[in-house]
There are 2 protein chains.
Amino acid sequence: MKKYELVEDSLLRQINTGAYPGGTLLPTEEQLTEIFGVSRQTVRKALSILEDKDIIEKKQGSGSMVKIRNPAADSGKVSVIVTYIDDYIFPGQLRGVEEVLSKNGLSAILSATKNRICSERKILEDILNDPVAGILVEGTKTALPNPNIDLYERLAERGIPIVFFNSVYPALKDMLYVCADNQRGGYELVTYLLGKGHKSIASIFKADDIQGHERYSGYISAMFGSGLFVSDSKTIWYTTETKEKLFDEPRNILSSIGDATAVVCYNDEIAFMLIKLLISCGKKVPEDIAVVSFDNSSLSEMSPVKITSLSYGDKNIGSIAAGKLADIIGGRKASSEIIPWKLTEKESS
Amino acid sequence: MKKYELVEDSLLRQINTGAYPGGTLLPTEEQLTEIFGVSRQTVRKALSILEDKDIIEKKQGSGSMVKIRNPAADSGKVSVIVTYIDDYIFPGQLRGVEEVLSKNGLSAILSATKNRICSERKILEDILNDPVAGILVEGTKTALPNPNIDLYERLAERGIPIVFFNSVYPALKDMLYVCADNQRGGYELVTYLLGKGHKSIASIFKADDIQGHERYSGYISAMFGSGLFVSDSKTIWYTTETKEKLFDEPRNILSSIGDATAVVCYNDEIAFMLIKLLISCGKKVPEDIAVVSFDNSSLSEMSPVKITSLSYGDKNIGSIAAGKLADIIGGRKASSEIIPWKLTEKESS
DNA sequence: TTATTGCTTTTGTACATACATATTTTGCTT
DNA sequence: AAGCAAAATATGTATGTACAAAAGCAATAA
C-alpha cells in the first residue's frame, strides 16, 4: 500500500468517526509528517486528494479545515419530462419543481415531448444511457395506449425513482403519482351548476388530452346521474392544433351552445376566450350564460367577468411531486396523492 | 505568474489550437522539462491539473495522451440560469431554449436564482464542481455590482462557453450576449407618443431590475431631447415585492399620472392592470389616456383595450441565445446580438 | 483606542534526487 | 517467423531542501 494512501485513509477514517468534526483544523503538515513518519510531500499529496474529494479545505497561512458536510451537495440531477414548457399553467408547476429540488440539493434537467411519442422515447433512452437520480414526468397527454411503457419499466427496474404528475399511465403498476381526479372535477362542476338551477349545460373539452376525456366523462356522468339528456352537439371538442381557430366562427360556437344556460370549459384559457366571444355577441355572463372552468389561474382574474373555476387551491402540484421524488431519493418513504379540487366561486356563474 | 500555470496554459492553448490533436501523445515529462526549462515536479503538477480537468490521460509507462473529447461537452448538458421561472414572459423563452438545445442533442439543467446573489453563487459553484457543456444565463436583475463575476471568469477560463440573454454584466469582457437595447426601447416608445401629439407623459417602471432603469433612462432622454419637462412624480416605481399592491390605491396612481395624456409601462402586465384600473375609474383608453408598454405578449391581446407594445417581433430570445451556445459547443463561431425592437400599434394609443 | 509594523506559523511553489512500476522496444534464441 | 527476456522508456512514489506568500498575533507607535 502506498504511504500517501495510508495517510489519506487514516485521516478519512478519523474524520468520519468524529475525531475531527466539521469546522475543526487538522494537525499541520509538519505535525502530520511526524505523526505518520512520512515526508511533508507525502502528507501534502494525501491532503490534496482529500481536498479534491471536498472533504477538507486548505488555506494558506491558516491550516487545513474539515469541511462541514452537506449531504445535499451530492449534485443529483433529476430529469423533468413535460409536454409543453410554456403551456398555460405549467410554468407555475415548474417553479414549484425547481424550488423543491434545489432545496434538496437536486437540479432539474428539463425536456419537452411536445406530445410526441417519439420525442418521449428519445428522452427516456437518453436517460438510460446517462442515468439520473430520479424522474418527474407529466404523463403524455394522448389518450392512445403508450408504447414507451417498456422504457419506464426498465428505468424503474434500474432503481431510478419515477413520479408522475398531472396524469399517469394506467398500464404502469406501483408507480407514484400526484394528480387530480379529473373525472370527479367534471362531476363537481356540473353538480354545482345543477344546484344553481341549470338544466341544459354545454361543454368544451380537449380531445388530444386524456384529462379532457376524463373531465368530459365526469360531466356526462353527472348529467346522466341527474336524469338529464345530453346531446352530443352540446360538447365542442378541440385539439392543440385547432385551439387557435376555435373561436374564429362565433356562429358555430353559439349554435353548439344552443339553448344551454351554462358552459363547462376545459380550462380558464378556453373560458376566457369564450367569455370575450359571448360578450362581443351581446350575451351577458352569467345572466344569459354561466361559464365555469378548471385551474383558477391568473386568467380567471383577468377576464372581463371573473371566472368560477376549480383548482388545487394554494397547492402546487409541481412542489408536491418534486417533494415526493426528493423523499425517495433521500431514502424516505412517499406515497401517491390525489389533490382534492377546490371551487372558487366568482362572477361568471 | 506561477511556473506550473505557465506550463498548463501553454499546453492547453496548444491542445486547443490543434498542435496536439485528440489521441496524440504529449512530449514526455523529461522533454517538457527541457522545453519549458522547469523541473519535472513542476511539469507533473501542470499535467496533473490537466488530468483533473479531463483534458489529458496519463498512463504509467506509456505517456500522456490528449483525450479525444471532453466528457463534459459529451454529456450534452447545458446549465440554464434564470431569475424567476414563471415570471410572465420567461416560459416562452424557456420553450425556445429547450427546443433549440434538444435539436442540437443538448439538454437543459434549470436553476432559478430568485434574484439572490447567494443563490447565483451556489449555482455557479455547483457548475465548477460538476462541469457542463455550456451555460445560458439571464443576467441577474439587480442594478447592483455583481460579486460573482470572478466565478463567471473562472468558468470561462475553463473553456466553458457562456451566453447571456436579456441582460449582461458590463464588467464581463468578451462575453457573448443576446439582449434588447432597453434604453432605446424607452426612447422609441416616447418618440412614438410625442409623434402622436402627447406632451405630458407619465411612466411606471420596475426599480429592482436593471432593465427598468434602462427603459426609464430612455424615457427621460427622449423627453429631455424634445425639451419637455419631466416631473419625478410622474414616474411610478415598483418592485417585485410591491407589484401586487401597486394598484390597490387607485387614487395614488391617478394623482401620479395627473394631467398626463399617456403612460409608458414597464411591460404588458403592468399596462394590463393599469388599463383595467383606468376603465374602472371611468377613464377612456386611449381617448383620455394612451397606454403603451413592452413585450407585446398574449396579455396585450387579452386586455379589454388591446395594448400598443414593443417586442422582439417573432424572434424568440431564448432560441437565439441557445442557438449561439450550441454553435460554440459545436465548434462553430457566434457573435453577440442586439435584437431590434418592433412596435405593434394597437388600440391603446 | 486604533493603526502600523514585524514576527511566527502555516501552506504554496520550485527544484533536485532516488528508486518503483508499468509499458514498449529491442535483440536474442528457437 | 515466433516467442521470450532484457533493456530502454515513461510515469509513479517518496524524500529533502529552500524560499514565497498568506494569515494570525503581538508589540509598538500615533
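Because the structure is a prediction, the values reported are computed rather than measured. Protein chains get the first letters and strands the later ones, always in sequence-line order, with residue 1 at the start of each.
- Counting to the nearest Å, the P atom of C:dT10 and the CD1 atom of A:Ile56 are 15 Å from each other.
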Seminar exercise, completed: 5' to 3', nucleotides 3-15 of chain D under a 4.0 Å protein heavy-atom cut-off (B base, S sugar-phosphate only, - none) gives -------BBBBBB

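- Ring centroid separation for the pair B:Tyr84 and B:Phe90 does not come in under the 6.0 Å cut-off.
- When rounded to the nearest whole Å, the span between CG of B:Leu32 and P of C:dC15 equals 14 Å.
- Within 6.0 Å of the CD atom in A:Glu30, the count of heavy atoms belonging to other residues, nucleotides or ligands does not exceed 12.
- Whole-Å rounding puts the B:Leu25 CG to C:dT23 C1' distance at 12 Å.
- Figure legend: cation-pi geometry between B:Lys243 and B:Tyr238 absent, as NZ or CZ is not positioned both under 6.0 Å from the six-membered ring centre and within 45° of its axis.
- In this structure, the ring of B:Phe164 has its center less than 6.0 angstrom from the ring center of B:Tyr152.
- Under the 6.0 Å distance and 45° angle rule, B:Arg215 counts as a cation-pi partner of B:Tyr266.
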